[in-house]
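Here is the structure we will look at, set down as structure tokens.
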Amino acid sequence: MAGSYGSTLRYKNVERIKSIGKHTLLGASGEVSDFQEILRYLDELIIYDDMWDDGNSLGPKEVHNYLTRVMYNRRNKFDPLFNSLVVGGVKNGQKYLGMVGMIGTHYEDNHVATGFGNHLARPLMRAEWHEDMSFEEAVKLLEKCLLVLLYRDRSAINKFQIAKITEVGVTISEPYALKTFWGFLAFQNPTKGAEGSW
């Protein structure tokens with residue numbers, strides 16, 4: 001939930017998970033202002049879709065495809081939106097999860113991550129994720145991933161939100177922090193045994 005101003009952690013309550021329409025959740029890493037621009041695009045899209053009043057509404061797959069085109073289009077204009085996006089949702093009993101990068105790269109999978117999480121969290125998910133996980137098991141796995149990332153990123157803050165979407169609706173948790181332990185010897189003396197001038 002951090003919003004940085006350069007290398008300064010300026011804001012500590014930035015919500016990066018938003019509900020889009022009736023069936024979709026959107027999470028974002030990267031520039032907060034660009035995420036706000038994306039939300040403006042999506043508000044216009046959802047309003048336009050609702051105006052048809054035909055009983056149909058956009059699902060997560062349509063939102064994911066739309067965002068892929070938006071990100072790729074902005075990249076081609078050499079004016080990219082500096083975000084990586086996670087799109088998830090449920091429509092007509094079909095679960096969907098996808099990721100879109102800042103240049104329009106995209107994929108769908110059973111678990112996705114952005115940024116540093118692609119390198120450190122996805123291996124944990126590959127090892128421990130299974131199809132019939134309960135919500136509580138999934139939250140424990142996410143917290144394990146977030147803890148690994150928190151310990152390895154000096155710019156991260158220990159404040160998170162977890163979101164859940166079902167056919168019934170969307171739930172976004174209140175912000176909370178994970179219990180951490182900084183007494184490891186490597187944390188106390190990080191340069192011990194290091195070679196070089198610093």
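With a 4.5 Å cut-off on side-chain heavy atoms, Met71 and Leu85 count as touching. At least one side-chain heavy atom of Arg122 sits under 4.5 Å from a side-chain heavy atom of Asp109. Here the side chains of Phe35 and Leu81 are not in contact, with every heavy-atom distance at 4.5 Å or above. At a threshold of 4.5 Å between non-hydrogen side-chain atoms, the residues Leu25 and Ile172 count as touching. Between His130 and Glu137, some side-chain heavy-atom pair lies under the 4.5 Å cut-off. For the pair Met125 and Asn110, the minimum side-chain heavy-atom distance is 4.5 Å or more. Using a 4.5 Å cut-off on side-chain heavy atoms (C-beta onward), Leu67 and Leu26 make contact. Counting heavy atoms from C-beta outward, Phe160 and Leu178 have side chains that approach closer than 4.5 Å.
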Output a table of donor-acceptor pairs, distance under 3.5 Å, between side-chain atoms of residues 164-171 and any protein atom two or more places apart or on a different chain; print 'none' if there are none.
residue	atom	partner	partner atom	Å
Thr166	OG1	Val168	N	3.2
Glu167	OE2	Asn92	N	3.2
Glu167	OE2	Gly93	N	2.3

Identify all side-chain donor-acceptor contacts of residues 47-55 below 3.5 Å with residues at least two apart in sequence or on another chain.
residue	atom	partner	partner atom	Å
Asp49	OD2	Leu58	N	3.2
Asp54	OD1	Asn56	N	3.0

Between Ser84 and Thr114, is a side chain to side chain donor-acceptor pair (under 3.5 Å) present by the stated rule, with each step listed?
CA-CA 6 Å; Ser84 292; Thr114 65; 5.3 Å; no
So Tyr176 and Glu143, side chain to side chain donor-acceptor pair (under 3.5 Å) or not? Walk me through it.
CA-CA 11 Å; Tyr176 70 100; Glu143 288 177 347; 2.8 Å; yes
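Judged by distance alone, the side chain of Lys61 and the main-chain N or O of Gly98 form no donor-acceptor pair under 3.5 Å. Here the side chain of Arg74 pairs a donor or acceptor atom with the backbone of Asp79 at under 3.5 angstrom. Under the 3.5 Å distance criterion, the side-chain polar atoms of Asn83 are matched with a main-chain donor or acceptor of Glu31. The main-chain N or O of Gln36 is never found under 3.5 Å from a side-chain atom of Arg40 such that the two would form a donor-acceptor pair. Under the 3.5 Å distance criterion, the side-chain polar atoms of Glu62 are matched with a main-chain donor or acceptor of Gly59.
Closest approach of Gly104 to Thr68, counting heavy atoms only: O-CG2, 3.5 Å. Nearest heavy-atom pair, Ala113 versus Asn118, reported as atom, atom and distance to 0.1 Å: O-OD1, 3.0 Å. The minimum heavy-atom distance linking Phe116 with Arg152 is given by the pair CE2-O, 3.3 Å. Across Leu150 and Ala156, no two heavy atoms sit closer than the pair CD1-CB, 3.9 Å. Nearest heavy-atom pair across Ser155 and Leu9 is O-CD2, 3.2 Å. Contact detail for Ile103 and Tyr72: the closest heavy-atom pair is O-CD1, 3.5 Å.
Transitive grouping of hydrophobic side chains (ILVMFWY, heavy atoms separated by less than 4.5 Å) brings Val87 and Tyr66 into a common cluster.
Distance check, rounded to the nearest 0.5 Å: CZ of Phe135 to CD1 of Ile162 gives 7.0 Å. One distance of note links NE2 of His111 with CG of Leu97; it measures 9.5 Å at 0.5 Å rounding. Going from atom CG of Leu149 over to atom NE2 of His119 covers 10.5 Å, rounded to the nearest 0.5 Å. Atoms CD1 and OG, on Ile46 and Ser57 in that order, are 8.0 Å from each other to the nearest 0.5 Å. The structure places CD1 of Ile20 at 5.5 Å from CG of Leu39, a figure rounded to the nearest 0.5 Å. One finds the CG atom of Asn158 at 7.5 Å from the CG atom of Leu147 (value rounded to the nearest 0.5 Å).
Under the side chain to side chain donor-acceptor pair (under 3.5 Å) criterion, Lys140 pairs with no residue at all, not counting sequence neighbours.
Residue Phe181 qualifies as enclosed at atom CZ: its count of foreign heavy atoms under 6.0 Å is above 12. No more than 12 heavy atoms of other residues, nucleotides or ligands lie within 6.0 Å of OH in Tyr11, so this atom counts as exposed by the packing criterion. Other residues, nucleotides and ligands contribute more than 12 heavy atoms inside 6.0 Å of the CZ atom of Arg126.
Checked against Tyr96 for a side-chain hydrogen bond (donor to acceptor under 3.5 Å, both in side chains), the options His23, His64, Lys91 give a single hit: His64. None of Arg16, Lys12, Gln161 except one satisfies the side-chain contact (heavy atoms from CB on, under 4.5 Å) rule with Met1; the exception is Gln161.
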